*Asks:* 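The structure under discussion is supplied below as structure tokens; questions concerning it will follow.
Small disclaimer: the values here were computed from a predicted structure and weren't measured.
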4 protein chains.
Amino acid sequence: MIPINKKELTSIQILEAALRLFKNYGIEKTSLAMIAKEVGITKPSIYYHFSSKEELIEHSFNHILRNYKFSDFFHVNELNKENFGEKLYQFGLDFLPTTEDDNYELIKVLNEFTLLSNRNNNFKQRLVSVQFEFINGFRNILLKGIDEGVIKVSNVDNYAQLLALVIDNIARSIMIGFNIDYKEVWKETVNSLLKEEEKI
Amino acid sequence: MIPINKKELTSIQILEAALRLFKNYGIEKTSLAMIAKEVGITKPSIYYHFSSKEELIEHSFNHILRNYKFSDFFHVNELNKENFGEKLYQFGLDFLPTTEDDNYELIKVLNEFTLLSNRNNNFKQRLVSVQFEFINGFRNILLKGIDEGVIKVSNVDNYAQLLALVIDNIARSIMIGFNIDYKEVWKETVNSLLKEEEKI
Amino acid sequence: MIPINKKELTSIQILEAALRLFKNYGIEKTSLAMIAKEVGITKPSIYYHFSSKEELIEHSFNHILRNYKFSDFFHVNELNKENFGEKLYQFGLDFLPTTEDDNYELIKVLNEFTLLSNRNNNFKQRLVSVQFEFINGFRNILLKGIDEGVIKVSNVDNYAQLLALVIDNIARSIMIGFNIDYKEVWKETVNSLLKEEEKI
Amino acid sequence: MIPINKKELTSIQILEAALRLFKNYGIEKTSLAMIAKEVGITKPSIYYHFSSKEELIEHSFNHILRNYKFSDFFHVNELNKENFGEKLYQFGLDFLPTTEDDNYELIKVLNEFTLLSNRNNNFKQRLVSVQFEFINGFRNILLKGIDEGVIKVSNVDNYAQLLALVIDNIARSIMIGFNIDYKEVWKETVNSLLKEEEKI
DNA sequence: TATGAATGAGCCTTCATTCAT
DNA sequence: GATGAATGAAGGCTCATTCAT
């Protein structure tokens with residue numbers, strides 16, 4: 001257990017209250033007053049922990065990115081010749097958010113930050129690097145699949161990008177409420193790179 | 001030429017100023033004062049044309065949706081056995097925004113509305129129906145491809161959704177600045193549904 | 001029948017719409033926009049008839065004062081030795097507003113003007129002269145009563161003032177919703193000036 | 001001495017500035033900007049003390065009602081057989097406002113609230129209960145007078161209402177500037193309930 | 001470590017009013 | 001006789017931020 005002092009504790013409470021509110025009301029519509037109330041402290045107290053709203057937003061952003069790692073969902077080393085399609089499909093389902101789970105909350109607030117990134121290069125770069133991590137992760141998975149001889153993709157890079165795009169956009173679509181049969185779409189996507197006899 | 005009176009003219013100027021500012025600063029951060037200044041009128045004048053900021057936002061939304069039709073980009077009836085893959089690929093490229101073109105502006109502001117839709121069911125429904133229009137459009141294209149015997153998809157519905165997702169997310173990725181080789185990704189996607197001998 | 005032209009007609013419509021709204025929303029909270037809407041014309045049209053909101057208020061005030069005459073309710077010449085107490089009592093009841101009658105509307109809006117008169121000497125003077133008309137009216141009634149030998153007041157002036165006060169305040173109390181038994185109070189007041197054997 | 005902290009101090013300053021302005025300009029025409037200027041603070045500071053203009057108005061109302069108690073002016077227990085008429089007359093004079101005294105200010109602003117009560121049931125009820133307190137107070141005074149055998153009223157309840165009406169309306173008339181000889185009217189009223197030999 | 005008290009800038013909105021047509 | 005289009009001034013209110021304590 002990492003020992004934690006009072007200051008750090010309050011900081012984290014502020015961060016998490018902020019994220020909770022960002023998710024529900026949007027970042028711009030969440031005021032420091034709302035955050036303070038949620039935590040149970042006063043507005044100026046926030047300034048003891050974060051020098052401005054902007055800094056708080058940035059820390060919140062870091063806070064969630066820490067819990068948004070490709071390798072937490074897609075475990076390359078668990079894949080093998082026998083389970084490749086099945087497992088990849090399953091990893092995707094685990095990643096895709098359900099209305100109640102934590103990942104749902106996480107992606108919902110990530111969505112808010114994505115918008116903000118339009119006007120903030122700092123955020124944009126961080127999101128780009130997350131995206132790169134996903135593309136790279138899928139690239140490794142594809143290479144494994146090729147090694148195992150179960151997939152048939154012509155261009156690994158393009159396919160890695162395609163997978164990243166699809167999984168990301170399915171998540172977004174669920175978020176926004178598009179009523180697509182996302183499990184089937186993901187299965188179709190996985191299948192599209194498997195050899196005929198490996199399809200799931 | 002459609003004759004247009006002064007009120008309509010100013011209304012459109014307001015609408016377009018609003019959209020320009022929404023695109024650059026976000027909807028919530030764009031104030032009526034900014035819009036008024038951009039048009040060159042005073043703040044209360046806006047109220048002569050729109051009864052509230054909310055109504056103005058809604059009209060802006062309608063204004064852009066009018067120019068965001070699947071059939072403006074993807075012309076099913078131009079497709080045939082000979083050009084199917086090539087044309088579909090080309091339609092996609094035309095749809096995908098380039099930093100300078102009008103479609104870029106349009107998608108960028110549409111992105112702002114997407115965020116807003118998280119907290120506004122009216123907008124959400126409209127965006128869902130746009131999404132549905134795209135899925136349905138791709139469905140018709142796929143059926144044509146099947147008719148012509150050039151594609152090999154197992155499940156038309158899933159593939160239509162997949163295409164809609166991919167094209168939408170490529171657009172978004174360009175917007176956000178993800179540095180992917182989107183032409184190649186789109187080509188890969190189109191190819192993934194063509195029969196071997198038809199690939200482009 | 002007095003012939004009336006279109007301008008006068010609209011003027012009166014504006015006046016009456018204004019009074020209706022003043023009664024319900026108060027003078028200050030009634031805007032020209034509301035009045036225009038009530039009449040079915042546009043806001044600037046009001047300026048064709050009245051040079052400012054203030055002038056409109058003033059005309060409205062005159063308009064109601066024209067219908068608020070002591071002699072319309074208290075008919076001195078109908079009083080005689082036999083019916084004096086009874087009739088005076090009855091006149092009061094006729095004057096006192098009931099929730100549904102026209103007098104109620106009239107007094108309610110008069111109430112609004114009374115407040116305004118705190119800050120407008122023009123109005124104040126007019127209300128004072130109405131009050132004087134009432135006091136003077138009651139004075140004449142009392143003199144008649146003395147002539148007929150049915151009342152016993154020591155000082156006519158004081159009693160006239162007292163009657164004016166009581167009848168005015170009963171009206172106000174009804175307006176405001178004070179739950180007093182106003183008929184009995186008025187009867188008591190009338191009785192207090194009658195000789196013992198004349199009491200009603 | 002009651003110790004008072006800074007918040008309470010400013011709150012009271014705001015309250016009293018508000019009442020001063022309400023009295024002179026009316027409640028609706030008094031803006032928060034005016035109040036802030038009068039106190040010497042900024043507009044948003046008011047919101048630290050009162051959550052809205054409405055709440056400020058309500059607190060102002062409570063503030064004045066606290067100083068408007070029947071028993072502060074009419075001391076029943078000081079009345080006895082010998083001084084009854086004289087004292088009751090005197091209490092009334094003390095209650096009736098003179099242009100310069102505090103009671104004048106108080107009743108003037110109370111008048112503004114009366115108007116507001118037309119459209120606010122909360123205020124209406126409070127004013128009604130004040131009125132009831134006065135009627136009840138006079139009732140007790142009358143009962144005392146009967147006990148002492150100095151008055152001759154037939155119906156105590158009606159007379160109590162009459163007294164409340166008269167004293168209230170004299171106050172209002174002074175306020176509005178009606179030029180009546182209010183001392184005489186009040187004396188007449190008091191006399192009208194005394195037995196012949198007790199008259200003042 | 002946090003709060004009490006306050007502030008400047010800015011928000012959306014409403015108002016009475018104007019004036020060319 | 002009335003309207004269309006616009007405006008300056010002002011309304012109540014919220015915001016991120018400050019700073020002495």
Side-chain angles (χ1 to χ4, degrees), chain A residues 5-11 14 28-36 39-57, chain B residues 5-11 28-36 39-56, chain C residues 5-11 14 28-36 39-57, chain D residues 5-11 28-36 39-56:
Chain A
N5 59 22
K6 195 167 182 205
K7 177 164 185 185
E8 281 180 54
L9 183 69
T10 309
S11 292
I14 293 172
E28 332 233 296
K29 289 238 164 178
T30 297
S31 71
L32 294 186
M34 290 161 79
I35 297 170
V39 179
I41 57 177
T42 60
K43 223 188 336 171
S45 303
I46 296 175
Y47 283 86
Y48 183 75
H49 300 269
F50 305 97
S51 71
S52 69
K53 192 188 180 185
E54 201 168 318
E55 198 189 288
L56 169 55
I57 293 172
Chain B
N5 60 24
K6 194 168 185 207
K7 179 163 190 182
E8 280 179 56
L9 184 69
T10 310
S11 291
E28 332 230 297
K29 289 238 164 180
T30 298
S31 72
L32 293 186
M34 289 161 79
I35 297 170
V39 179
I41 58 177
T42 61
K43 219 183 345 166
S45 301
I46 295 178
Y47 283 85
Y48 182 71
H49 299 271
F50 304 95
S51 70
S52 68
K53 190 186 181 185
E54 202 169 318
E55 198 191 285
L56 170 55
Chain C
N5 60 22
K6 193 166 183 207
K7 177 164 185 185
E8 282 180 54
L9 182 68
T10 309
S11 293
I14 293 172
E28 332 234 295
K29 289 238 163 177
T30 298
S31 71
L32 294 187
M34 289 161 79
I35 296 170
V39 179
I41 57 177
T42 60
K43 221 184 341 168
S45 303
I46 295 176
Y47 284 85
Y48 183 76
H49 299 271
F50 305 95
S51 71
S52 68
K53 192 189 179 183
E54 202 169 316
E55 197 189 288
L56 170 56
I57 293 173
Chain D
N5 59 24
K6 194 168 185 206
K7 179 163 190 182
E8 280 179 55
L9 184 69
T10 309
S11 291
E28 332 232 294
K29 288 241 164 176
T30 298
S31 72
L32 294 185
M34 289 161 78
I35 296 170
V39 179
I41 56 177
T42 60
K43 217 179 355 160
S45 301
I46 295 177
Y47 283 87
Y48 181 71
H49 300 270
F50 304 96
S51 70
S52 67
K53 191 188 180 184
E54 201 170 317
E55 199 191 286
L56 170 55

*Asks:* What is the distance from OH of Y48(C) to C1' of dA20(E), rounded to the nearest Å?
*Replies:*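 Atom OH in Y48(C) sits about 16 Å away from atom C1' in dA20(E).
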*Asks:* Name the pairing partner of dT3(F), where a pair is Watson-Crick or G-U wobble with both distances under 3.5 Å, or state none.
*Replies:*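 The answer is dA20(E), by the H-bond criterion.
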*Asks:* As a test of understanding, state which of E54(D), K53(D), E55(D), H49(D) forms a side-chain hydrogen bond (donor to acceptor under 3.5 Å, both in side chains) with S51(D).
*Replies:*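 Exactly one option meets the side-chain hydrogen bond (donor to acceptor under 3.5 Å, both in side chains) with S51(D), and it is E55(D).
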*Asks:* Without decimals, in angstroms, what is the distance between M34(A) CE and dT14(F) P?
*Replies:*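 Taking atom P of dT14(F) as the reference, CE of M34(A) is at 12 Å.
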*Asks:* Without decimals, in angstroms, what is the distance between K43(A) NZ and dC15(F) P?
*Replies:*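 Distance, rounded to whole Å: 8 Å.
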*Asks:* dG4(F) phosphate, OP1 or OP2: any side-chain N/O from H49(B) under 4.0 angstrom?
*Replies:*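 Checking dG4(F) against H49(B), no side-chain N or O comes under 4.0 Å of OP1 or OP2.
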*Asks:* OP1 or OP2 of dT3(F) versus the side-chain N and O atoms of T42(C): is any pair under 4.0 Å?
*Replies:*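 Yes.
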*Asks:* When the distance from OH of Y47(D) to C1' of dA9(E) is rounded to whole Å, what number comes out?
*Replies:*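 Those two atoms, OH and C1', are 15 Å apart.
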*Asks:* Given dC13(F), dC11(E), dT17(E), which nucleotide is nearest the side-chain atoms of A33(B)?
*Replies:*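 Closest of the options to the side chain of A33(B): dC11(E).
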*Asks:* Whole angstroms only, please: what is the NZ-C1' distance between K29(A) and dC15(F)?
*Replies:*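 That distance rounds to 13 Å.
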*Asks:* Between L56(A) (CG) and dA16(F) (P), how many Å, whole number?
*Replies:*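 Whole-Å distance recorded here is 10 Å.
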*Asks:* Taking F50(C) as the fixed residue, which of L32(C), L56(C), I35(C) is the one that meets the side-chain contact (heavy atoms from CB on, under 4.5 Å) rule?
*Replies:*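 One option only clears the test, and that one is L56(C).
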*Asks:* If the cut-off is 4.0 Å, is T10(C) near the phosphate of dG1(F), judged by side-chain N/O to OP1 or OP2?
*Replies:*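 Answer is no, no contact under 4.0 Å.
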*Asks:* Is S45(C) close enough to dG1(F) that one of its side-chain N or O atoms is under 4.0 Å from OP1 or OP2 there?
*Replies:*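 Checking S45(C) against dG1(F): no side-chain N or O falls below 4.0 Å of OP1 or OP2.
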*Asks:* Is any side-chain nitrogen or oxygen of S31(D) closer than 4.0 Å to OP1 or OP2 of dA10(F)?
*Replies:*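 Answer is no, no contact under 4.0 Å.
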